[in-house]
Amino acid sequence: MERAVVQITLFGLLLCLVTTLPNKDDWDIYSFHINSTVSSRYATTVITSRVANRMNESKEIEFQVRIPKNAFISKFTMFIDGQVYDGVVKAKEEAEQQYTEAVSRGQSAGLVSSVGRTLEEFKTSVTVAAHKKVTFELTYEELLKRRLGKYELQIHARPMQPVKDFKVDVYIHEKAGINFIETKGGLSTKALANAITKTQTETEAWVYFYPTEAQQRACDSCGEQGMNGDLVVVYDVNRDVASGDIKTSYGYFVHHFAPSSLPRIPKNVVFVIDRSGSMKGRKIEQTRIALIHILNDLAEDDYFGLITFDGNIFHWKRELVQASKTNVNSAKKFARGIRDGGYTDINEAVLEGAHMLNAHPREGSASILILLTDGDPTTGETNLERIHSNVRRAIADKFPLYCLGFGFDVSFEFLEKMSLQNNGVARRIYEDSDADLQLKGFYEEVATPLLTNVTMMYTGGTNLTQTHFSQYYNGSEIVVAGQITDNDIETFTPEVVAVSGTQRLRFFNKNATVESTGTVTDRRIQRVWAYLTVKQLLEKELQLSGPEKARMKKEALELSLKYSFVTPFTSMVVTKPPGENTDVLHKPKEGEKHHYKREQNITFLVFIDQMQYRQGMTKRYEVGLVVLKKDTKDLNFFCVLGTSYLGTSYFFRCGVEVHLFYFVLELSVNGLLDSVANRGFKIIGIHFKNNQYIEIRLTEMTKMCIFLSSITVFGRDKEFDVAVGDTRMVILVHEKDGNKFLWPVLRQRPSDDRVDGILGGSSAVDYSISIPPTLDCWFMSAESALQRRLDDFTAAQL
């Protein structure tokens, strides 16, 4: 059948947006300062941006910065024409109504989003009168975590233009003494290296970063829009006292415990590796590479086991064996042969790993269980709560479980809860070229246990943070904070009891370790306590259920409000002059969907990648960006579920009945609407390459399984899990007013794409938000789709 193709170029389509986007020539960032103060490993960072409107008319001026994910925003202020506008931290539910109203009006909301492995983005804007100025000031706080023998303070600089008065000032004060200090990151190399000045005394250090405007254009990640990169300050402190150092102030204390001159403990470690079909390709290759490196690093007095799993369990050996050269080489041969399979039985795999460790008790050793998976359980026991219960019963607090979630298809909250319930942690492994190094880096953090069963005791202390730790690893640190009863330092006695191999150790040296800051006005130690307490309450809330869960949430909320921390339970309402849009600042959870400011005159965006329709279709496009304005009423386009700028696209038509069409694409997804009123689908079609096609229908039983060479579908009670190549989606069975229909949601983008989407008709409910708002055919902003500012793609003329 004859097909016609019409090409639309990207830059031509973006011309229609030129008049609606802020022009950076209209306003000038004349000063940009980042000031960070670190004491007792607690960093308070203030970002101050001063901007002038150079035009003869009012202009909308943006403030957009990136901060560490581990940080809590504690203050945001705007200074405009002599007026001060302070952000107000409220309970999330209290701010939710303002958020929903702002979204429904097409205004900005949800202003913090995860943008990478370690950063979140804060973004807001305000209208400034002609020839007036605005000052933005954002404060965030974080407790630096010691990993592999060092602390890292990450500062991201992205002012969006070269700035005449650009400064980064870092001041570090550690009474224990500073062992070393250095800088790294993209902003510390080549042309910018000589813009950094470091000064150090015994207990203090200063880092100054003052690049000129020319230098701000010259680094690898710099250009006419200025710098875009990280300056990372790396340091460690002296550890002359084995019992650690304690700081006190205003009735609060913080205890840093990290003894270094201890012998390593032999370990027993079992690796549980997912080899299900979704691990196919680069993920399984990188896992093999990392596993071989890790096996090479095992000490000869270590014992280890190796399990792979899909719907079945595959043992290298059925029991733990010593890490002799012969055994390690045999395990490496097994690792090289790991191939992807089918289902994912996480429950049985973790239970088998726990059984191997329980069957091999070894006095004087430390046991560790490590799980790597990229998906949710699809066979065996699939109820997440029952899996948590089974694993907790099997491990019984005898050793930690570390869960590594590979990519974004996995339910990170499921893994995090399972780890926390078993004295471990969960870590996201990002699907990038260095995924094998991420895996190896995590293992290095737990590779050398020095102590087990660590208990921190404080006579005369109260309201303590976590005091029991299953294991302490070389290069890490245990931190405990609390209040001193009646602020009586004389009766305050710290003590640490732990096991090193077969010996029980006691660390106690009050006179050498307890120091007061000497000033009652210094509330930093109190904020360390509040920060740690909130973090640990958030972890407990995740693990618990019922009244205890509600109590943890209530306590975390009360502390967050008292100390003005923006946490998952609080939001900051950004106060602006009368008549301005309402902005509400949320703290995203790991893996949570992002919320972006929508372009006010755009209905939706569509990417099309080498797409051809059959003859008779009204519109035909190839490679381009289609931008529809609100006054466009007579065009029938396909809405995007998820997009890849240079790769796969997914298409649905908005607001009209859709029949299944053929696309000359590697992957296409399309569907037949159930009804315009429901906005849902009764048939979803998935077409991959030239020879694989599956239809999912509501009339079929959801307990179904389909395997093609590159397409896998698992049916459950209320959803279909679909894997196509390295793309993951879920077809939800949604019910509205007694009518059921299908609802596709993209759970993992292709490896070259980092954009979230949601399907809709002329209006859609965004189910990725806790209180779902109804949006006008909303999918994503131009900037989130392009992963760069829209200005970068805008041409003044063709």
Side-chain angles (χ1 to χ4, degrees), residues 32-38 41-49 64-71 114-122 138 140-163 166-172 174 178-200 205-237 427-428 430 432-435 437-438 440-442 444-445 475 754 787-788:
F32 195 93
H33 290 183
I34 303 176
N35 188 294
S36 189
T37 301
V38 185
R41 292 66 141 179
Y42 193 71
T44 301
T45 302
V46 181
I47 302 175
T48 305
S49 177
Q64 183 174 339
V65 295
R66 294 178 177 180
I67 68 172
K69 286 183 178 181
N70 201 42
S114 299
V115 295
R117 299 181 189 178
T118 59
L119 294 171
E120 294 169 351
E121 185 171 88
F122 173 88
L138 177 74
Y140 63 88
E141 304 174 35
E142 61 177 322
L143 181 64
L144 304 182
K145 189 169 184 178
R146 189 170 186 253
R147 289 191 175 97
L148 300 177
K150 56 184 180 293
Y151 307 96
E152 293 190 354
L153 173 68
Q154 181 183 18
I155 294 173
H156 188 84
R158 186 173 175 250
M160 305 305 294
Q161 70 170 65
V163 179
F166 181 94
K167 293 180 180 179
V168 175
D169 294 281
V170 177
Y171 170 66
I172 301 173
E174 298 286 0
I178 297 173
N179 183 272
F180 72 89
I181 186 167
E182 59 189 36
T183 58
K184 66 176 186 177
L187 299 184
S188 65
T189 59
K190 296 185 179 178
L192 293 176
N194 60 4
I196 299 174
T197 303
K198 291 182 294 183
T199 305
Q200 180 183 347
W206 296 262
V207 176
Y208 306 110
F209 178 51
Y210 296 174
T212 65
E213 289 185 82
Q215 287 174 318
Q216 293 173 46
R217 293 183 174 93
C219 69
D220 290 342
S221 58
C222 303
E224 289 306 310
Q225 289 195 332
M227 294 180 297
N228 181 6
D230 295 324
L231 177 68
V232 182
V233 179
V234 184
Y235 79 98
D236 197 16
V237 301
R427 183 78 58 86
R428 174 91 67 189
Y430 292 84
D432 289 323
S433 58
D434 68 338
L437 298 179
Q438 296 176 56
K440 188 173 184 293
F442 173 82
E444 288 173 352
E445 292 181 36
R754 292 292 181 268
Q787 294 290 287
R788 289 168 61 184

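All values below were derived from every heavy atom in this structure, side-chain atoms included, with hydrogens, water molecules and symmetry-related copies excluded.
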Evaluate the side-chain proximity of Glu141 to Tyr42: yes if any heavy-atom separation is below 4.5 Å, no if none is.
yes
Just how far is it from atom OG1 of Thr199 to atom CD1 of Ile181, taken to the nearest 0.5 Å?
9.5 Å
With a 4.5 Å cut-off on side-chain heavy atoms, are Glu152 and Leu144 touching?
no
Between Tyr235 and Val38, is there a side-chain heavy-atom distance shorter than 4.5 Å?
yes
Least distance between heavy atoms, Glu120 atom then Pro68 atom:
OE1-O, 4.4 Å
Taken to the nearest 0.5 Å, the spacing of Thr118 OG1 from Asp230 CG works out to 6.0 Å
Looking only at heavy atoms, the pair that brings Phe32 and Ile47 closest together is CZ-CG2, 3.8 Å
Glu121 vs Arg66, salt bridge (charged side-chain N to carboxylate O under 4.0 Å, His left out): CA-CA, chis, key distance, verdict:
CA-CA 4 Å; Glu121 185 171 88; Arg66 294 178 177 180; 3.1 Å; yes
Rounded distance (nearest 0.5 Å) linking atom OG1 of Thr45 with atom CG of Leu153:
5.5 Å
Closest non-hydrogen contact found for Pro211 with Ala195 is CA-CB, 3.8 Å
Below 4.5 Å, heavy atoms only, C-beta onward: do Arg158 and Val65 meet side chain to side chain?
no
Will you find, in the side chains of Gln438 and Asp432, an N or O donor that is under 3.5 Å from an N or O acceptor?
no
To the nearest 0.5 Å, what is the distance between CG (Leu187) and CE (Met227)?
6.0 Å
Under 3.5 Å side-chain donor-acceptor pair for Asn70 and Glu142
no
Just one of Thr48, Ile155, Val46 clears the side-chain contact (heavy atoms from CB on, under 4.5 Å) bar with Ile34, so which one?
Ile155
Using 30° and 60° as the class boundaries, would you call the ring planes of Trp206 and Tyr171 parallel, tilted or perpendicular?
tilted
Compare all side-chain heavy atoms of Lys150 with those of Phe180 and state whether any distance is below 4.5 angstrom.
yes
Residue pair His156 / Asn228, side-chain heavy-atom distance below 4.5 Å:
yes
I'd like to know if the side chain of Gln216 and the backbone of Val163 have a donor-acceptor N/O pair within less than 3.5 Å.
yes
Let me see the working for Glu445 and Lys145 under salt bridge (charged side-chain N to carboxylate O under 4.0 Å, His left out), right down to the final yes or no.
CA-CA 12 Å; Glu445 292 181 36; Lys145 189 169 184 178; over 6 Å; no
To the nearest 0.5 angstrom, please state how far the NZ atom of Lys167 sits from the CG atom of Asp169.
7.0 Å
CG on Asp236 to CD on Glu174, rounded to 0.5 Å
9.5 Å
If we only count heavy atoms from C-beta on, is the Val233 to Phe209 side-chain gap below 4.5 Å?
no
